[in-house]
There are 2 protein chains.
Amino acid sequence: MLLVRYMSQEQSQRMQSMCESAKAHVDDLLVLLSKSKMLSTLYVMNCDPDPMRFSEIKKRVDSSSTTVARRLGELEDHGLVTRTAYATVPATVEYALTKDAIALQPSLESMFEWVLNRADSSL
Amino acid sequence: MLLVRYMSQEQSQRMQSMCESAKAHVDDLLVLLSKSKMLSTLYVMNCDPDPMRFSEIKKRVDSSSTTVARRLGELEDHGLVTRTAYATVPATVEYALTKDAIALQPSLESMFEWVLNRADSSL
DNA sequence: CCGCATCCCTACGGATACTG
DNA sequence: CAGTATCCGTAGGGATGCGG
C-alpha cells in the first residue's frame with residue numbers, strides 16, 4: 001500500500017477520496033508514537049523480551065507514574081501490549097509487547113542507534 | 001555507547017553520574033522527534049532525495065504553515081536540514097536533508113511501513 | 001506495590017493577518 | 001511564495017493523594 005499524502009501530485013488525485021479513513025488511522029498511529037515517552041517506553045520494553053513490571057518500566061523510562069500509566073494504557077488500547085495482573089500482595093502487574101509491537105523492534109533499534117550517535121557527536 | 005537508563009540496574013549504577021549530559025542530549029532528540037508532524041516531515045523529505053520547497057512540504061505533510069515552519073526551523077537548528085533561499089520573485093526556498101538526517105532514512109522507512117500495515121489491518 | 005482520579009498549569013498547535 | 005507575529009484554546013504532562 002502507498003500513502004497518498006506522501007506521493008507526488010498526479011497519482012494522489014485519484015486515491016484521495018478513497019482511503020480517507022486509512023489516512024486517519026495512520027495519523028492516529030503517528031500521534032500515538034509522538035506522545036511523550038512513547039518511543040522510550042517501546043524501546044525499553046523491546047530491549048527485554050520478558051514481561052516487565054510497572055515500576056521497572058517507570059524507572060527505565062524515567063517519567064511520572066501518571067505518564068507511564070497513560071502510555072501503557074494507550075498501547076493496550078491499540079493492541080500493542082498486554083496487561084496481566086497477579087493477585088499477590090502487594091500487587092504485581094506485568095506488561096508484555098504483542099507480536100505486532102515486536103515487529104517494530106528493528107526500526108526502533110536503528111532509530112535509537114542514530115539518536116545515540118548524534119547525542120554523542122554533539123558533546 | 002550504551003544508554004544508562006535502558007540498562008539493567010547493576011551496570012547503570014556506575015555510569016549514572018558520568019553521562020548525565022548525554023542523557024540530556026538524547027532526551028532532546030527524542031523530544032524533537034516527538035513533536036507533531038516531525039516524523040511525517042522527515043519521512044516526506046526522505047522520500048525524495050531532491051531539495052524540496054516549502055509549500056510542497058506543507059502540502060504533503062498536511063499541516064499549517066506555522067507548524068511546518070516551526071518543524072523546519074527546529075530541524076535546521078539541529079543541523080538536520082539546510083535551507084537555501086533564492087532571490088527570485090516570488091521567493092523560492094529549498095530545504096534539503098543533511099547526510100546526518102539521511103542516515104535516519106532506513107529507520108523511518110521501516111517504521112512507516114509498520115504504521116501502514118497496522119493502519120490497513122485495523123480497517 | 002500498582003495505578004487511577006483530580007487539579008493545575010504550561011506549552012504546543014492552529015487560525016488569522018500581515019510583510020518581503 | 002515563504003514565512004513571522006500574535007492570539008487563543010486545548011491537550012497533555014506532572015504532583016499529589018487515595019484505593020485496590
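Every chain is numbered from 1 and lettered A, B, ... according to where its sequence line falls, protein lines coming before strand lines.
- Here the closest heavy-atom approach between residue B:Leu32 and residue B:Met38 is recorded as O-CG, 3.3 Å.
- Atom-to-atom, NZ of B:Lys35 to C1' of D:dG12 comes out at 14 Å; the value is rounded to the nearest Å.
- With A:Thr92 contributing its side chain and A:Tyr86 its backbone, the two residues share no donor-acceptor pair below 3.5 Å.
- Regarding B:Glu76, its CD atom lies at a distance of 9 Å from the P atom of D:dG3, rounded to whole Å.
- One cannot find a donor-acceptor pair under 3.5 Å joining the base of D:dA2 and the side-chain atoms of B:Thr92.
- For the pair A:Arg70 and C:dG3, the criterion of a side-chain N or O lying under 4.0 Å from OP1 or OP2 is not met.
- Taking the nucleotide of DNA chain C with the nearest heavy atom to each of B:Pro90 and B:Ser36, the more 5' of the two is matched to B:Ser36.
- Distance alone, capped at 3.5 Å, is enough to place a donor-acceptor pair between the B:Arg71 side chain and the B:Ser36 backbone.
- When rounded to the nearest whole Å, the span between CD of B:Glu56 and P of D:dA2 equals 10 Å.
- The phosphate of D:dG13 has OP1 or OP2 within less than 4.0 Å of a side-chain N or O from A:Arg71.
- Not one N or O on the side chain of B:Lys58 forms a donor-acceptor pair closer than 3.5 Å with the backbone of B:Ser64.
- Set against D:dG12, C:dC4, C:dC1, the side chain of A:Ala91 has C:dC1 as its closest nucleotide.
- Within the nucleic acid shown, A:Ser63 comes within 4.0 Å of sugar-phosphate atoms alone, with no base atom in reach, counting heavy atoms only.
- The line from CD of B:Glu56 to CD of B:Glu94 is 11.0 Å long, rounded to the nearest 0.5 Å.
- Of the listed nucleotides (D:dG14, C:dG14, C:dC2), D:dG14 has the atom at the smallest distance from the side chain of A:Ser64.
- Taking atom OH of B:Tyr95 as the reference point, atom P of D:dC1 lies 14 Å away to the nearest angstrom.
- In this structure, B:Glu94 atom CD and D:dC1 atom P are separated by 15 Å, rounded to whole Å.
- Put simply, CD1 on B:Ile57 is 9 Å from P on D:dA2, counting in whole angstrom units.
- Residue side chain B:Ser65 does not reach the base of D:dA2 through any donor-acceptor N/O pair under 3.5 Å, judged by distance alone.
- Considering only side-chain N and O atoms, A:Lys37 lies nowhere under 4.0 angstrom from the phosphate OP1 or OP2 of D:dG13.
- Contact check, A:Tyr86 against D:dG20: no side-chain N or O comes under 4.0 Å of OP1 or OP2.
- In this structure, CE of B:Met52 is placed 16 Å from P of D:dC1, rounded to the nearest angstrom.
- Counting only heavy atoms from C-beta outward, the side chains of A:Asp100 and B:Arg118 approach each other to under 4.5 Å.
- In this model, the phosphate group of C:dC2 is approached by a side-chain N or O of A:Arg53 to a distance below 4.0 Å at OP1 or OP2.
- Here the side chain of A:Thr66 is nearest to one of C:dC1, C:dG14, D:dA15, namely D:dA15.
- Between A:Thr67 and the phosphate of D:dG14, there is a side-chain N or O to OP1/OP2 separation shorter than 4.0 Å.
- Rounded to an integer number of Å, the gap from NZ of A:Lys59 to C1' of C:dG3 is 17 Å.
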